[in-house]
Protein chains: 2
Amino acid sequence: MARAATTSDVFNAIAEPQRREILALLRAGERPVTELAHELGMSQPGASKHLRVLREVGLVRVREAGKQRLYGLDARGLRPVHEWAGGFERFWNESFDRLDTYVQDLKQARQED
Amino acid sequence: MARAATTSDVFNAIAEPQRREILALLRAGERPVTELAHELGMSQPGASKHLRVLREVGLVRVREAGKQRLYGLDARGLRPVHEWAGGFERFWNESFDRLDTYVQDLKQARQED
DNA sequence: TTGACGCATTCCCATATCGGCATACGATAG
DNA sequence: CTATCGTATGCCGATATGGGAATGCGTCAA
């Protein structure tokens, strides 16, 4: 078995830096492929490929506009990512200087719930 | 070129479902490798490999405890992920029923710059 | 219709997985 | 010292990847 297909889920899709950059750019609005490619310093086929991945996981949508295809952001798929990471918030706020005692306390706290 | 090494950054590390499961388990406290492997239904070498990746991106740390090695969570590295995704919050809160018009407005706004 | 333009797809390569299996390694028990 | 337990690592195979180059294809302009 190899790595799961990047097109299989959002976490894989956003694992690639250039795809995150595309998403960031699209926050400012729709853009045609060539413009994205140029702004990110990648080839047109390269941009198309990344956009395809983003499309397949639903982070991006296309709209036909004559010769061009305008890609737009659909960030709803990022919400699960945000929530997943947020589930660890209380942990990164803790002091890790004494991880051992920290974990002990946590166990204790959980038992008191 | 292939995909960047998964050990290169946190986004890649958490792209793998089993690694996310490991992190989830570790929220309850430190655990030795074998226990993790058993709880996740994976082989010991498998667990060790995933733990290595998590270690290399700093999401996990080890503590020697006699024969065992206790792995503990260090969620600080997940904060950037949370914040990155959070940067899109206002977008997933938008109504996408009228995405077209929404984007139109946005595009228009860009042209007026 | 023909040509130019914008984009997607395909093929190829070098690489990085992930999983299984065997094995090496460090620490402890006897 | 030696056997054993708990882990880490090495090697293999099957697969997915990202990038480059070439190409297919639909749309619009002349």
Side-chain angles (χ1 to χ4, degrees), chain A residues 1-23 25-26 29-73, chain B residues 1-23 25-26 29-72 107:
Chain A
M1 222 170 281
R3 185 191 311 206
T6 99
T7 132
S8 58
D9 78 322
V10 177
F11 282 92
N12 265 301
I14 64 173
E16 161 68 44
Q18 309 215 58
R19 283 196 285 266
R20 291 199 296 277
E21 289 184 46
I22 289 179
L23 294 177
L25 268 181
L26 291 182
E30 286 180 314
R31 274 194 184 60
V33 177
T34 302
E35 191 176 324
L36 284 172
H38 182 262
E39 291 179 304
L40 296 174
M42 58 174 118
S43 69
Q44 174 270 306
S48 275
K49 287 173 188 171
H50 284 308
L51 286 167
R52 175 175 192 170
V53 173
L54 293 173
R55 215 191 315 146
E56 298 197 38
V57 300
L59 286 175
V60 139
R61 297 198 306 8
V62 210
R63 184 164 67 89
E64 310 279 343
K67 276 200 263 191
Q68 304 188 142
R69 308 194 70 194
L70 299 181
Y71 278 86
L73 181 64
Chain B
M1 223 170 281
R3 183 190 296 196
T6 99
T7 133
S8 59
D9 76 323
V10 176
F11 282 92
N12 266 301
I14 64 172
E16 162 67 45
Q18 309 216 56
R19 284 197 285 266
R20 291 200 295 278
E21 290 184 45
I22 290 180
L23 293 177
L25 268 182
L26 292 182
E30 291 178 312
R31 274 193 184 62
V33 177
T34 303
E35 191 176 324
L36 283 172
H38 181 262
E39 292 180 303
L40 296 175
M42 56 175 122
S43 69
Q44 174 269 308
S48 276
K49 286 172 188 171
H50 284 308
L51 286 167
R52 176 176 192 169
V53 173
L54 294 173
R55 215 190 316 144
E56 298 197 39
V57 299
L59 287 176
V60 139
R61 53 252 283 299
V62 211
R63 185 165 65 91
E64 310 280 343
K67 277 199 262 190
Q68 304 187 140
R69 308 194 70 193
L70 298 181
Y71 278 86
K107 193 182 180 185

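Any value given below was found using the heavy atoms of this structure, including those in side chains, with hydrogens, waters and symmetry copies removed.
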Enquirer: Please work out if A:Gln18 contacts a base, only the sugar-phosphate, or nothing of the nucleic acid, heavy-atom cut-off 4.0 Å.
Expert: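 Result for A:Gln18 = sugar-phosphate.
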
Enquirer: Has B:Tyr71 got a side-chain N or O lying under 4.0 Å from the OP1 or OP2 atom of D:dA8?
Expert: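 For D:dA8, OP1 or OP2 has a side-chain N or O of B:Tyr71 closer than 4.0 Å.
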
Enquirer: Answer with base, sugar-phosphate or nothing: what part of the nucleic acid does A:Gly66 contact at a heavy-atom distance below 4.0 Å?
Expert: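 The answer is sugar-phosphate, as A:Gly66 gets under 4.0 Å only of primed atoms, P, OP1 or OP2.
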
Enquirer: So what does B:Pro45 touch, heavy atoms closer than 4.0 Å: a base, only the sugar-phosphate, or nothing?
Expert: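 If one applies the 4.0 Å heavy-atom cut-off, B:Pro45 turns out to touch a base.
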
Enquirer: What is the distance, to the nearest angstrom, from the CZ atom on B:Arg19 to the P atom on C:dG19?
Expert: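 So the two atoms are 8 Å apart, to the nearest Å.
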
Enquirer: B:Lys49 has an atom NZ; how far is it from atom P of C:dC21, in whole Å?
Expert: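 Distance check: B:Lys49 NZ to C:dC21 P gives 11 Å.
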
Enquirer: At under 4.0 Å, does any side-chain N or O of B:Gln68 touch on OP1 or OP2 of C:dT28?
Expert: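 So the side chain of B:Gln68 is outside the cut-off, no N or O lying under 4.0 Å from OP1 or OP2 of C:dT28.
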
Enquirer: With nearest nucleotides of DNA chain C determined for A:Leu51 and A:Lys67 from heavy-atom distances, which residue corresponds to the more 5′ nucleotide?
Expert: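 Upstream on the strand: A:Lys67.
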
Enquirer: Rounded to the nearest Å, what distance is computed from the CG atom of residue A:Leu54 to the P atom of nucleotide C:dC7?
Expert: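 Whole-Å distance recorded here is 16 Å.
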
Enquirer: Rounded to whole angstroms, how far apart are CD on B:Glu21 and P on C:dC18?
Expert: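 So the CD-P distance, B:Glu21 to C:dC18, works out to 14 Å.
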
Enquirer: Under 4.0 Å, heavy atoms only, any strand: does B:Glu16 hit a base, just the sugar-phosphate, or nothing?
Expert: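 Sugar-phosphate contact only.
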
Enquirer: Consider side-chain contact (heavy atoms from CB on, under 4.5 Å). Of A:Asp9, A:Ile14, A:Val10, which one does A:Asn12 pass it with?
Expert: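 It is A:Asp9, the one option of A:Asp9, A:Ile14, A:Val10 that forms the side-chain contact (heavy atoms from CB on, under 4.5 Å) with A:Asn12.
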
Enquirer: On DNA chain D, does the nearest nucleotide to B:Thr34 precede the nearest nucleotide to A:Gly46 from the 5' side, or the other way round? Give the residue.
Expert: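 Mapping each residue to its closest nucleotide by heavy atoms, the 5'-most match is B:Thr34.
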
Enquirer: With distance as the sole test, does A:Arg19 use its side chain to make a donor-acceptor pair with the main-chain N or O of A:Val53 at under 3.5 Å?
Expert: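 Checked: no pair found.
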
Enquirer: Identify which nucleotide among D:dT9, C:dA8, C:dG19 has an atom closest to any side-chain atom of B:Ser48, counting heavy atoms from C-beta outward.
Expert: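 Given the options D:dT9, C:dA8, C:dG19, the side chain of B:Ser48 is closest to D:dT9.
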
Enquirer: Think B:Arg52 has a side-chain N or O under 4.0 angstrom from the OP1 or OP2 of D:dT9?
Expert: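 The answer is yes; a side-chain N or O of B:Arg52 sits under 4.0 Å from OP1 or OP2.
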
Enquirer: For D:dA8, does the base pair up with any side-chain atom of B:Gln44 as donor and acceptor (N or O, under 3.5 Å, distance only)?
Expert: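 Side chain to base: pair found, below 3.5 Å.
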
Enquirer: Separation of B:Leu36 atom CG from D:dG6 atom P, in whole Å?
Expert: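 From B:Leu36 CG to D:dG6 P: 14 Å.
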
Enquirer: Expressed in angstrom and rounded to an integer, what is the separation of A:Glu30 atom CD from C:dC7 atom P?
Expert: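 One finds 12 Å between P of C:dC7 and CD of A:Glu30, rounded.
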
Enquirer: Using whole Å, what does the distance between atom P of nucleotide C:dG6 and atom CE of A:Met42 come to?
Expert: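 In whole Å, C:dG6 P and A:Met42 CE are 18 Å from each other.
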
Enquirer: Taking A:Arg31 for the side chain and A:Gly29 for the main chain, is one N or O donor matched with an acceptor at less than 3.5 Å?
Expert: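 Pair found, side chain donor or acceptor close to backbone of A:Gly29.
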
Enquirer: Mind calculating the distance between CD (A:Glu56) and P (D:dA16) to the nearest angstrom?
Expert: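 In whole Å, D:dA16 P lies 13 Å from A:Glu56 CD.
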
Enquirer: Between B:His50 and C:dG19, is there a side-chain N or O to OP1/OP2 distance below 4.0 Å?
Expert: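 Affirmative; the distance criterion is met.
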
Enquirer: Out of the candidates B:Val62, B:Val33, B:Leu59, only one should pair with B:Leu51 under the side-chain contact (heavy atoms from CB on, under 4.5 Å) rule; please name it.
Expert: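 It is B:Val33, the one option of B:Val62, B:Val33, B:Leu59 that forms the side-chain contact (heavy atoms from CB on, under 4.5 Å) with B:Leu51.
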
Enquirer: Is any side-chain heavy atom of A:Leu36 closer than 4.5 Å to a side-chain heavy atom of A:Leu26?
Expert: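 They are in contact (side-chain heavy atoms under 4.5 Å apart), so the answer is yes.
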
